[in-house]
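Beneath this line is the structure, given in structure tokens, with notes to follow.
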Amino acid sequence: MYKFLKPLKNINFLTLVFFCSGISAQEISQTVSGRVIEKITQQPLPGAHVLISSSTQTYATITDDNGYFRITSVPVGRINIHISYVGYEPLKLENLLLTSGKELQIEAEMEETVYAYEEVVVSASKQKLRPTNEMALISARAFAVEETERYAGSRGDVARMASNFAGVAFANDQRNDIIIRGNSPSGLLWRLDDVEIPNPNHFAENGTTGGPVSMLNNNVLRNSDFYTGAFPAEFGNALSGVFDLKMRNGNINRNEFTVQSGFNGLEFGAEGPFKKGSNSSYLAYYRYSFLDIMDKLGFYFGTAGVPKYQDLIIKTHTPVKNGAIQGFILAGKSEIAMRSSQLDSNDIYLSEGQDIYNRSMMAASALSYTHFINEKSRYKIILSTLFQNGGSDVDTLDTSNSNPFRVIEHNIDEYRATVNSYYSYKHSAALSSKVGLQIDQMGYKLNSKIYNRDSLRLIPYLKQSLPLFSGPRLWRAFYQFNWKFKVPLEVTAGLHYLYFSLNQSQAIEPRISLAYHIGQNSALAIGYGLHSRTQPLSVYYFGKQYKGFGYVETNKNLGFTRSHHWVAGYNQQITPYLRFKTEIYYQYLFNVPVSPVTWWYSILNSGANWGVAATDSLVNKGKGKNYGIEFTFERVQYRNFYFLTTLSLYQSFYRDYTGKWHHTAFDGNYIFNFLTGYEKPLNSRWTISFDSKLCTAGGKRFVPIDLQKSIAANETRYDESSIYEKQYDPFFKIDF
């Protein structure tokens, strides 16, 4: 369905990109600004020392009463920022890229040192790869937005960038679904500035987590966290992992404007202060499909099916007395028509005898207020809304590729209004806690039709709707704490609670992780978590037409899909720039929806093909298990050179309604990634940057077609004796 990306895939196989920064004879400089805050309370740290060093000079300043700093006339190029504050761990931000076109802004979070009886117990400078969330001790890592541009093949997309991490795979080259440790991509939770958002991709389908092009503009993001298992108690309604993304604030010093074009589209951006000196700001970025623009200008891409999409992201930040008010809007729409009836003899695609029309739309908004009660505590309340639409229409054609005849009409609308609040308290340098509550009110309009041969017309197979405040409600609550003991032991523990009003399902989920620090440069960690997830709304309301009874919603009483996560790992910081990490894990899934009719069906395979493959009469009798080991060997960029090597060895199985175990659709068995890059400064005016990536992975699993049964039935029939036993050839790709 996304064949329009095939030519792009071929081009991407060998794409040479040179980043050149031209500087005149007079050295070009730029401004570096930002804010230094306490990690837990988010309070400003006045008087913090900020040291910026470039290849030729060093600059120093201290933060003002609100934690802000600003240094002008810093030469462009790679710079290092070192921040220190009495009683806090030194913070190092290294190899940041400072360009002539835009000021560099950072938000630095510092962690208080733990002392006991005049002796430092936990004393290590902040490691770049440790998550920004101090509650995460295992199966998590921080990433810099710059990596989405630096890592070859990432195309400025955080999802494609994350596929380079250990334990992460992707469905195929045409989509950026995130498959974590053999789980379905639908088990991933997306969050943006503490707000849960749906699949943030163009050409997305409700209930999935991927698409070919991301709506998330990396120009507005800052360093964020990515979790692959046993994540902290504040994250709920997720089975496989969490993408916890953060947006930066706009420039508070001056207005800036951006125009750029790339793989993801033609882009326009603006940001700056609402009022100079007020520390309030705005940013707005709009993007339009570059291929659609070129198509409108008369360029031919070898096919009639050209992707059309556009997206917009806006964020505002306004400080108020003892707090701040923030808001954001994320919106996007997309459409594509793959019409075999319009293919000519030179088209790069073969006719499939169908005209297919796909569309999607998403709009999410949020308004939040953060109040600093005192120097140790704060609370935050967020009001957010969501609208999401996905649909497709299919026409069949005759043998001459003409006379289209409608056979499928599919349309799903989902609405959501959410209240989310949490309270954070720092009891001491060693102990902090967080408690929160979230309520999601949902509405929907599900309308899908399929052509019926008996009645010779389109008949509904999914036709349900409820207004926003008449639909189901999902309640979530959590409590968690982090405790650094007087010995080098750190503990995070908590509980998460879920309640779904549609069928009164509820779950209490304990979470705990421990890290034992061996000196300053290595640590052992273990973690456990019980996790649950609701099914997509379209699955709950999928039903069956019974004679004499009408349409019956056979899935409405489905409970949560649930899983136990066990993880153990070892992390060694060999040098300040070189790191080794390994983790071993086991995940046991239960209460999995399976089908007594299509006996080999399991919702754990959702996302292997387009959309959520729902069926009627599902029951929570399935199981699943994922286990494996992962290795990461990484050198962060130092002296113009970096590399990242990851190896994941894993197995993924599910049990069907009859009790038989099978490989899941995502059991590729292994993934190996090797990325490396080098910057070559030619002189003070020019730098050439080179990045490459090699990836190989086990082939995608499939269920073969039973040709004889298909011919006899005049429709596709599968070989049920070989469920996901066969694999395509191993995946191999090189990006430059």
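When a residue number appears, it is its place in the shown sequence, counting from 1.
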Worksheet item: Hey, does the side chain of Asp393 reach the backbone of Tyr357 with a donor-acceptor pair shorter than 3.5 angstrom?
Response: no
Worksheet item: Is any side-chain N of the basic residue among Asp395 and Arg339 closer than 4.0 Å to the acidic one's carboxylate O?
Response: no
Worksheet item: Can you find a side-chain donor-acceptor pair between Asn626 and Ser652 that sits under 3.5 Å?
Response: yes
Worksheet item: Ignoring hydrogens and geometry, is there a side-chain-to-backbone donor-acceptor pair from Thr554 to Ser617 under 3.5 Å?
Response: yes
Worksheet item: Between Leu216 and Leu192, what is the shortest heavy-atom contact and its length?
Response: CD2-CD2, 4.4 Å
Item to complete: Working to the nearest 0.5 Å, report the span between OG of Ser532 and CG of Asn237.
Response: 8.5 Å
Worksheet item: Residues in ring-ring contact (aromatic ring centres under 6.0 Å, His included) with Tyr541, at least two apart?
Response: Tyr444
Discussion item. Looking only at the side chains, is there a donor atom on one of Asp355 and Ser341 sitting less than 3.5 Å from an acceptor on the other?
Written reply: yes
Discussion item. Using the rule given for side chain to side chain contact (heavy atoms under 4.5 Å, CB included), can you reason through Tyr540 versus Thr534, listing the C-alpha separation, both sets of side-chain angles and the distance that settles it, and then say yes or no?
Written reply: CA-CA 9 Å; Tyr540 285 111; Thr534 57; 3.7 Å; yes
Worksheet item: Do the non-hydrogen side-chain atoms of Pro198 and Leu386 ever get within less than 4.5 Å of each other?
Response: yes
Worksheet item: For the residue pair Tyr497 and Tyr499, does the interplanar ring angle fall in the parallel (under 30°), tilted (30 to 60°) or perpendicular (over 60°) class?
Response: parallel
Practice prompt. Would you please test Arg416 and Glu414 for salt bridge (charged side-chain N to carboxylate O under 4.0 Å, His left out) and show each step?
Written response: CA-CA 7 Å; Arg416 189 174 73 210; Glu414 292 188 18; over 6 Å; no
Worksheet item: Which of these, His662, Glu725, Gln727, sits in a side chain to side chain donor-acceptor pair (under 3.5 Å) with Arg701?
Response: Gln727
Fill in: Neighbour count >12 (heavy atoms, 6.0 Å) for atom CD1, Ile459
yes
Practice prompt. Give the C-alpha distance, both sets of side-chain angles, the deciding distance and a yes or no for ring pair (Phe, Tyr, Trp, His ring centres under 6.0 Å) between Phe643 and Phe633.
Written response: CA-CA 8 Å; Phe643 66 78; Phe633 188 45; 5.4 Å; yes
Worksheet item: Is there a donor-acceptor pair under 3.5 Å between the side chain of Asp413 and the backbone N or O of Lys445?
Response: no
Worksheet item: Is a side-chain donor-acceptor pair under 3.5 Å present for Glu630 with Thr646?
Response: no
Discussion item. Applying the ring-ring contact (aromatic ring centres under 6.0 Å, His included) criterion to His663, which one of Tyr724, Tyr650, Phe653 satisfies it?
Written reply: Phe653
Worksheet item: Could Arg181 and Tyr585 be counted as a cation-pi pair, given that NZ or CZ must be under 6.0 Å from the ring centre and within 45° of the axis?
Response: yes
Fill in: SB check Arg717 Asp706 (cutoff 4.0 Å)
no
Worksheet, complete the sentence: Correct closest heavy-atom pair for Gly607 and Phe666 would be C-CZ, 3.9 Å
Worksheet item: Should Glu335 and Lys333 count as an ion pair when the cut-off is N to O under 4.0 Å?
Response: no
Worksheet item: Looking at Thr396, Ile450, Asn452, which one forms a side-chain contact (heavy atoms from CB on, under 4.5 Å) with Val407?
Response: Thr396
Worksheet item: Can you tell if the side chain of Ile178 reaches within under 4.5 Å of the side chain of Phe243, non-hydrogen atoms only?
Response: yes
Discussion item. Can you confirm whether Tyr528 sits close enough to His564 that some side-chain heavy atom of one is under 4.5 Å from a side-chain heavy atom of the other?
Written reply: yes
Fill in: Side chain Asp225, main chain Asp244, donor-acceptor under 3.5 Å
no
Response to the item:
Between Leu502 and Pro472 the two heavy atoms that sit nearest each other are CB-CB, 3.8 Å
Worksheet item: Just wondering, are more than 12 heavy atoms of other shown residues or ligands nearer than 6.0 Å to NZ in Lys449?
Response: no
Worksheet item: Got a sec: does the OH of Tyr586 have more than 12 other heavy atoms crowding it under 6.0 Å?
Response: yes
Discussion item. Side chains of Cys695 and Asn673, heavy atoms from C-beta outward: is any pair under 4.5 Å?
Written reply: yes
Worksheet item: Any side-chain heavy atom of Thr228 within less than 4.5 Å of one from Phe165?
Response: no
Worksheet item: Does Arg476 reach the side chain of His496, with side-chain heavy atoms less than 4.5 Å apart?
Response: yes
Worksheet item: Do NZ/NE/NH1/NH2 and the carboxylate oxygens of Lys660 and Glu720 come within less than 4.0 Å?
Response: no
Worksheet item: Any idea which heavy atoms bring Ser340 and Leu397 closest together, and the distance?
Response: CB-CD1, 3.6 Å
Item to complete: State whether the number of non-hydrogen atoms from other residues, nucleotides or ligands found under 6.0 Å of Tyr570 atom OH is greater than 12.
Response: yes
Worksheet item: Are there more than 12 heavy atoms of other residues, nucleotides or ligands under 6.0 Å from atom CD of Gln708?
Response: no
Item to complete: For residues Gly527 and Ala230, report the shortest heavy-atom separation together with the two atoms involved.
Response: C-CB, 4.2 Å
Item to complete: For the pair Asp719 and Lys709, evaluate salt bridge (charged side-chain N to carboxylate O under 4.0 Å, His left out) and give the outcome as yes or no after the intermediate values.
Response: CA-CA 9 Å; Asp719 181 4; Lys709 289 183 179 179; over 6 Å; no
Worksheet item: Are Phe235 and His531 close enough that their ring centres sit under 6.0 Å apart?
Response: no
Worksheet item: Do the side chain of Glu583 and the main chain of Ser139 share a donor and acceptor less than 3.5 angstrom apart?
Response: yes
Discussion item. Looking at Phe731, is its backbone amide N or carbonyl O close enough to the side chain of Thr696 to form a donor-acceptor pair, meaning the two atoms are under 3.5 Å apart?
Written reply: yes
Discussion item. If you compare all heavy atoms of Val594 against all heavy atoms of Arg655, which two are closest, and at what distance to 0.1 Å?
Written reply: CG1-O, 3.9 Å
